[in-house]
Protein chains: 2
Amino acid sequence: MARQDKRENIVLSAMTLIAEHGFHGASMSMIAEKAGVGIGTIYRYFESRDALIRTMYKEKEDRLVTLLLADYPIERPVRECFFHIGTGVIDYFIHNPLDFRYTEQFHNSPYGVEHRRNRIFASADKPDIFIDLYERGTAQQVIRDMPMVVFFNLAFAPIIWTIRDHVLGFLNLDALLSRKLVESCWDSVKI
Amino acid sequence: MARQDKRENIVLSAMTLIAEHGFHGASMSMIAEKAGVGIGTIYRYFESRDALIRTMYKEKEDRLVTLLLADYPIERPVRECFFHIGTGVIDYFIHNPLDFRYTEQFHNSPYGVEHRRNRIFASADKPDIFIDLYERGTAQQVIRDMPMVVFFNLAFAPIIWTIRDHVLGFLNLDALLSRKLVESCWDSVKI
DNA sequence: GTAAACAGAATGAACGTTCATTCCTATTGA
DNA sequence: TCAATAGGAATGAACGTTCATTCTGTTTAC
């Protein structure tokens with residue numbers, strides 16, 4: 001097995017196990033077995049279990065952001081950017097349910113609290129399309145007056161929860177319903 | 001220590017530890033030590049760790065539902081009932097942050113998926129103010145046409161996420177902001 | 001030939017649970 | 001009134017298991 005394949009196998013196995021059974025249903029030996037490598041091999045690619053978990057998250061997050069930025073209509077109205085992000089997030093996660101479930105596991109764990117804290121309090125240093133959206137919306141008075149965190153929650157919490165229900169098989173989030181959902185979210189933040 | 005106090009100490013210790021450090025930061029020995037009882041004593045009150053976790057959740061959920069039902073304006077318009085539930089949930093959790101964090105841990109775990117599945121698929125048997133709200137709203141055409149699960153997500157996901165941010169100290173969810181938040185949620189589901 | 005890559009047995013810490021023992025309190029008998 | 005007794009509540013050391021990580025001998029690639 002080639003070196004790159006080996007790393008990918010490890011990541012895919014870890015992602016699958018954690019996505020389906022949580023962090024505690026994915027021991028290093030289970031990950032190794034599923035990946036078809038020895039336990040020790042994992043430690044040649046990742047310093048520790050912790051590093052594996054964080055690196056995988058970082059890679060997935062970067063991938064989503066890159067995708068969203070690829071055709072981001074930065075010059076267009078706030079509303080259009082809002083829809084771009086909303087439908088983009090849904091599209092990405094519907095087609096990558098494993099990524100979604102892994103991301104959820106990550107967010108709903110001590111890792112997530114730490115990640116969120118950094119996101120909220122130490123975000124001024126690098127550009128961020130979400131923050132840009134909030135600031136432009138506020139400046140142009142197209143979105144209501146509320147803290148950024150609340151805007152973010154109104155905009156994305158229903159989307160994330162509904163993707164979760166789709167991924168778990170509780171409903172079918174098709175294109176029509178996606179549009180309705182994002183529209184509803186927009187209606188909750190627009191003036 | 002009286003028998004009832006002992007049980008309460010165990011529940012409070014378990015709640016606190018799980019709320020603050022997750023299920024895995026709350027071993028039976030830690031719970032016992034914090035409660036000032038022997039490990040074995042816990043097993044006199046709860047059949048297993050699993051039973052302890054489920055019983056505590058059930059008790060907290062029942063308490064919230066009882067509180068919401070106490071002065072529920074069942075005869076009033078859907079919109080008013082919606083606000084009653086929304087602000088009621090916020091009030092309860094703001095004043096019981098430990099309950100909130102415990103409930104969050106529970107929902108974001110395999111217990112939560114199971115709980116959600118039961119809630120969605122096996123709910124017709126007993127009356128539920130949330131379902132009642134959706135059905136009345138749909139029948140009277142005051143809320144948009146969408147699956148119940150999506151309605152539920154639009155209505156409560158931003159509220160839950162914002163309570164979380166308040167409890168974690170990321171913002172201050174006061175009375176004014178609460179009202180704004182619930183109004184925004186209503187705007188996302190109303191016709 | 002040799003150095004890097006690899007596999008999986010070994011290790012020790014931590015876990016939930018058990019159970020033989022101790023402790024406490026209510027009841028009995030005189 | 002009070003010692004003796006009984007019964008169940010309480011205890012925590014011990015058990016078996018599981019885990020992340022390390023160690024060691026083997027294989028691979030050049």
Side-chain angles (χ1 to χ4, degrees), chain A residues 1-59 102 105-106 108-115, chain B residues 1-59 102 105-106 108-115:
Chain A
M1 199 190 299
R3 190 178 158 81
Q4 196 52 33
D5 289 351
K6 206 159 270 183
R7 188 187 191 277
E8 269 171 31
N9 268 2
I10 292 167
V11 168
L12 186 62
S13 302
M15 284 266 300
T16 307
L17 286 170
I18 293 172
E20 287 175 0
H21 307 111
F23 285 115
H24 310 280
S27 67
M28 296 303 267
S29 60
M30 287 166 76
I31 294 168
E33 193 183 357
K34 195 177 178 73
V37 302
I39 300 170
T41 306
I42 299 176
Y43 288 87
R44 293 205 57 77
Y45 294 87
F46 301 95
E47 198 186 303
S48 63
R49 179 181 161 83
D50 220 60
L52 170 62
I53 289 169
R54 287 180 207 276
T55 305
M56 287 198 304
Y57 179 79
K58 188 86 179 60
E59 286 178 12
Y102 178 76
Q105 294 285 353
F106 188 90
N108 297 313
S109 74
Y111 296 110
V113 176
E114 181 197 338
H115 180 258
Chain B
M1 198 189 303
R3 191 178 156 81
Q4 196 53 32
D5 288 351
K6 207 158 271 186
R7 188 187 191 278
E8 269 171 31
N9 268 3
I10 292 168
V11 168
L12 187 62
S13 302
M15 285 266 300
T16 307
L17 285 170
I18 293 172
E20 287 176 1
H21 306 111
F23 285 116
H24 309 280
S27 68
M28 296 303 267
S29 59
M30 286 166 78
I31 294 169
E33 193 183 356
K34 195 179 178 74
V37 302
I39 299 172
T41 307
I42 300 175
Y43 288 87
R44 294 204 56 75
Y45 293 89
F46 301 95
E47 197 187 303
S48 64
R49 180 179 159 84
D50 219 61
L52 169 63
I53 289 168
R54 287 180 206 275
T55 304
M56 289 197 303
Y57 179 79
K58 189 85 178 62
E59 286 177 12
Y102 178 76
Q105 294 285 352
F106 187 90
N108 297 313
S109 74
Y111 296 111
V113 175
E114 181 196 338
H115 180 258

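Residue numbering restarts at 1 for every chain, and letters A, B, ... go by the order of the sequence lines. Every value quoted in this text rests on a predicted model; they were computed, and no experiment measured them.
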* Taking only Lys NZ, Arg NE, NH1 and NH2, and the carboxylate oxygens of Asp or Glu, determine whether Glu59(A) and Arg7(A) approach each other closer than 4.0 Å. =>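 Here Glu59(A) pairs with Arg7(A) in a salt bridge, since their nearest N and O are under 4.0 Å apart.
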Candidates [options] - which lies nearest the side chain of [X]:
X: Ile39(A); options: dT22(D), dA10(D), dC15(C); answer: dT22(D)
X: Met28(B); options: dA20(D), dA10(D), dG16(C); answer: dG16(C)
X: Arg44(A); options: dT17(C), dC6(C), dA10(D); answer: dC6(C)
X: Ser27(A); options: dC6(C), dA20(D), dT17(C); answer: dA20(D)

Rounded off to whole Å, could you give me the [atom1]-to-[atom2] distance for the [X] and [N] pair?
X: Ile42(B); N: dA9(D); atom1: CD1; atom2: C1'; result: 15 Å
X: Glu33(B); N: dG12(D); atom1: CD; atom2: C1'; result: 12 Å
X: Arg7(A); N: dC6(C); atom1: CZ; atom2: P; result: 13 Å
X: Ile53(B); N: dG16(C); atom1: CD1; atom2: C1'; result: 11 Å
X: Ile10(B); N: dG16(C); atom1: CD1; atom2: C1'; result: 15 Å
X: Tyr43(A); N: dT22(D); atom1: OH; atom2: C1'; result: 9 Å
X: Glu47(B); N: dG16(C); atom1: CD; atom2: P; result: 16 Å
X: Ile31(A); N: dA7(C); atom1: CD1; atom2: C1'; result: 16 Å

* Asked: End-to-end bend of the helix from dG1(C)-dC30(D) to dA30(C)-dT1(D) (five-pair axes, 10° rounding)?
  ->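 Computed angle between terminal axes is 10°.
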* Asked: Base, sugar-phosphate alone, or nothing: which one does Thr41(B) contact when heavy atoms must sit under 4.0 Å apart?
  ->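 Contact class for Thr41(B): base.
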* To do: Take the angle between the ring planes of His115(B) and Tyr57(B) and call it parallel below 30°, perpendicular above 60°, tilted in between.
  =>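 Taking Tyr57(B) first and then His115(B), their aromatic rings stand perpendicular (interplane angle over 60°).
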* Classify the angle between the aromatic ring planes of Phe23(A) and Tyr102(A) as parallel (below 30°), tilted (30 to 60°) or perpendicular (above 60°). =>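 Perpendicular: the ring planes of Phe23(A) and Tyr102(A) meet at over 60°.
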* Is there a side-chain polar atom (N or O) of Tyr45(A) under 4.0 Å from OP1 or OP2 of dC6(C)? ->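 For Tyr45(A), the contact criterion (side-chain N or O under 4.0 Å from OP1 or OP2 of dC6(C)) is met.
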* To do: Ignoring backbone atoms, test whether Lys6(B) places a side-chain nitrogen or oxygen under 4.0 Å from the OP1 or OP2 oxygen of dA10(D).
  =>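 For dA10(D), OP1 or OP2 has a side-chain N or O of Lys6(B) closer than 4.0 Å.
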* Asked: With His21(A), which residues qualify under side-chain hydrogen bond (donor to acceptor under 3.5 Å, both in side chains), at least two apart?
  ->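 In terms of side-chain hydrogen bond (donor to acceptor under 3.5 Å, both in side chains), with neighbours along the sequence ignored, His21(A) is linked to no residue.
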* **Counterpart residues, side-chain hydrogen bond (donor to acceptor under 3.5 Å, both in side chains), relative to Arg54(A) (two or more places apart)** =>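 Arg54(A) satisfies side-chain hydrogen bond (donor to acceptor under 3.5 Å, both in side chains) with Asp50(A), Glu114(A) only.
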* To do: State the CD1-OG distance between Ile42(A) and Ser48(A), to the nearest 0.5 angstrom.
  =>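 The CD1 atom of Ile42(A) sits 11.5 Å away from the OG atom of Ser48(A).
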* Side chains of Thr55(A) and Tyr45(A) in contact at under 4.5 Å (non-hydrogen atoms) ->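 No, every pair of side-chain atoms sits at 4.5 Å or beyond.
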* Toward the 5' end of DNA chain D, which comes first, His24(A) or Gly40(A), by nearest nucleotide? ->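 On the 5' side of the pair lies His24(A).
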